[in-house]
Amino acid sequence: MHLLLDTHILLWAAADSPRLPQQARDLLLDPDYQLAYSVASLWEITIKRGLDRSDFRVEPSVLRRELLEHGYEELAIRGAHALAVGSLPDLHKDPFDRMLIAQAGVEGYTLLTSDHQLAQYPGPIRTV
């Protein structure tokens with residue numbers, strides 16, 4: 001089973017942040033799950049780091065290297081993902097989150113998030 005981490009869960013996990021919910025920690029350590037991140041998250045981190053956002057201080061290239069070294073799967077953005085965004089209900093305006101939801105749906109992955117607004121979307125979303 002695949003877990004696609006949303007951007008904040010990804011950042012909190014990489015930094016071993018106390019903000020990472022214990023339920024998420026348990027899932028990330030469960031060997032039954034293959035962990036994945038989206039290049040949309042790297043894109044979001046790169047953009048928001050450039051805007052000097054305090055919650056996006058990590059160097060994206062270092063993060064990517066460490067994720068790959070730890071066995072995370074990198075999920076590229078494909079045409080099918082972009083098209084799936086168009087079929088999502090208009091519940092959330094963040095384009096990065098909408099892409100993650102679309103990718104999870106197309107690929108059959110479970111999106112792991114702490115954003116309760118995302119949980120309103122249909123599909124494989126798990127809120128922690």
Side-chain angles (χ1 to χ4, degrees):
M1 189 159 154
H2 287 84
L3 283 179
L4 177 61
L5 279 59
D6 85 354
T7 306
H8 278 101
I9 295 285
L10 183 66
L11 289 170
W12 295 337
D16 196 25
S17 170
R19 294 185 70 185
L20 183 67
Q22 185 60 48
Q23 187 180 14
R25 288 180 193 278
D26 294 343
L27 289 169
L28 298 179
L29 294 173
D30 187 331
D32 290 337
Y33 291 103
Q34 168 63 47
L35 304 178
Y37 69 93
S38 172
V39 296
S41 290
L42 292 179
W43 181 24
E44 178 179 15
I45 293 164
T46 300
I47 288 172
K48 292 181 178 176
R49 184 174 190 265
L51 296 172
D52 205 27
R53 289 259 312 254
S54 62
D55 52 342
F56 290 86
R57 297 257 185 230
V58 66
E59 170 58 48
S61 62
V62 172
L63 176 63
R64 180 178 184 262
R65 183 181 67 240
E66 290 176 356
L67 291 169
L68 293 171
E69 287 174 358
H70 284 93
Y72 281 67
E73 175 189 352
E74 182 175 83
L75 184 56
I77 297 172
R78 298 186 301 113
H81 301 148
L83 294 173
V85 169
S87 67
L88 293 174
D90 196 23
L91 303 173
H92 197 303
K93 300 297 182 194
D94 186 302
F96 301 107
D97 287 339
R98 291 176 60 82
M99 177 55 72
L100 295 176
I101 293 162
Q103 287 183 297
V106 168
E107 300 299 328
Y109 291 9
T110 298
L111 178 62
L112 186 63
T113 184
S114 63
D115 185 337
H116 293 282
Q117 190 176 11
L118 296 185
Q120 297 176 35
Y121 279 94
I125 299 171
R126 184 158 181 181
T127 308
V128 291

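One-based numbering along the sequence shown. Keep in mind that the numbers below use all heavy atoms, side chains included, and drop hydrogens, waters and symmetry copies.
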**Asked** Who are the side chain to side chain contact (heavy atoms under 4.5 Å, CB included) partners of A84, not counting sequence neighbours?
**Response** A102, V106
**Asked** Would a 4.5 Å heavy-atom cut-off, applied to side chains only, mark D115 and H92 as touching?
**Response** yes
Compile the donor-acceptor pairs under 3.5 Å between side chains in residues 39-47 and protein atoms, sequence neighbours left out, one pair per line.
{"from": "S41", "atom 1": "OG", "to": "T7", "atom 2": "OG1", "distance (Å)": "2.8"}
{"from": "E44", "atom 1": "OE1", "to": "T7", "atom 2": "OG1", "distance (Å)": "2.7"}
{"from": "E44", "atom 1": "OE2", "to": "K48", "atom 2": "NZ", "distance (Å)": "2.7"}
{"from": "T46", "atom 1": "OG1", "to": "L42", "atom 2": "O", "distance (Å)": "2.8"}

**Request:** Sorted by first residue and then second, give each salt bridge (charged side-chain N to carboxylate O under 4.0 Å, His left out) pair with at least one member in residues 2-15; sequence neighbours left out.
**Result:** none
**Message:** Testing the basics here: between Q34 and G71, what is the closest heavy-atom pair and its distance to 0.1 Å?
**Reply:** NE2-O, 3.1 Å
**Partners passing side-chain hydrogen bond (donor to acceptor under 3.5 Å, both in side chains) against H2 (at least two apart in sequence or in another chain)** = E73
**Asked** Got a sec, which hydrophobics cluster with L111, joining ILVMFWY side chains under 4.5 Å apart, including via others?
**Response** L4, L75, L88, L91, L100, I101, Y109, L118, Y121, I125
**Item:** Under the ring-ring contact (aromatic ring centres under 6.0 Å, His included) test, residues paired with Y72 that sit two or more places apart
**Value:** none
**Message:** Applying ring pair (Phe, Tyr, Trp, His ring centres under 6.0 Å) as the test, list every pair that has at least one member in residues 5-38; sequence neighbours left out.
**Reply:** H8-W12, H8-F56
**Complete:** Rounded to the nearest 0.5 angstrom, the CG-CG distance for L67 and L35 is 9.5 Å
**Item:** Residue pairs fulfilling salt bridge (charged side-chain N to carboxylate O under 4.0 Å, His left out) with at least one residue in residues 77-91, sequence neighbours excluded
**Value:** R78-E107, D90-K93
**Message:** Nearest 0.5 angstrom please: R126 CZ to Q23 CD, how far?
**Reply:** 5.0 Å
**Asked** What pairs with R53 under salt bridge (charged side-chain N to carboxylate O under 4.0 Å, His left out), at least two apart in sequence or on another chain?
**Response** D55
**Message:** Can you give me the closest heavy-atom contact between P89 and P122, atom names plus distance?
**Reply:** CG-CD, 4.1 Å
**Prompt:** What distance do T110 atom OG1 and L5 atom CG have between them, rounded to the nearest 0.5 Å?
**Reply:** 11.0 Å
**Asked** Are any non-hydrogen side-chain atoms of L28 and L112 less than 4.5 angstrom apart?
**Response** yes
**Prompt:** Are L11 and L29 joined in one hydrophobic group, where the rule is that I, L, V, M, F, W and Y side chains link up if heavy atoms are under 4.5 Å apart?
**Reply:** no
**Asked** Can you tell me how far CE of M99 sits from NE2 of H81, rounded to the nearest 0.5 angstrom?
**Response** 8.0 Å
**Request:** Taking salt bridge (charged side-chain N to carboxylate O under 4.0 Å, His left out) as the test, write out the residues that go with R64, two or more places apart.
**Result:** E74
**Partner residues of E59 under the salt bridge (charged side-chain N to carboxylate O under 4.0 Å, His left out) criterion, sequence neighbours left out** = R49
**Request:** Would you give the length of the straight line joining atom CG of L10 to atom CG of L63, rounded to the nearest 0.5 angstrom?
**Result:** 5.5 Å
Please report, to 0.1 Å, the donor-acceptor pairs under 3.5 Å made by any side chain of residues 15-22, with sequence neighbours excluded.
{"from": "D16", "atom 1": "OD1", "to": "R25", "atom 2": "NH1", "distance (Å)": "2.7"}
{"from": "S17", "atom 1": "OG", "to": "R19", "atom 2": "N", "distance (Å)": "3.0"}
{"from": "Q22", "atom 1": "NE2", "to": "D26", "atom 2": "OD1", "distance (Å)": "2.8"}

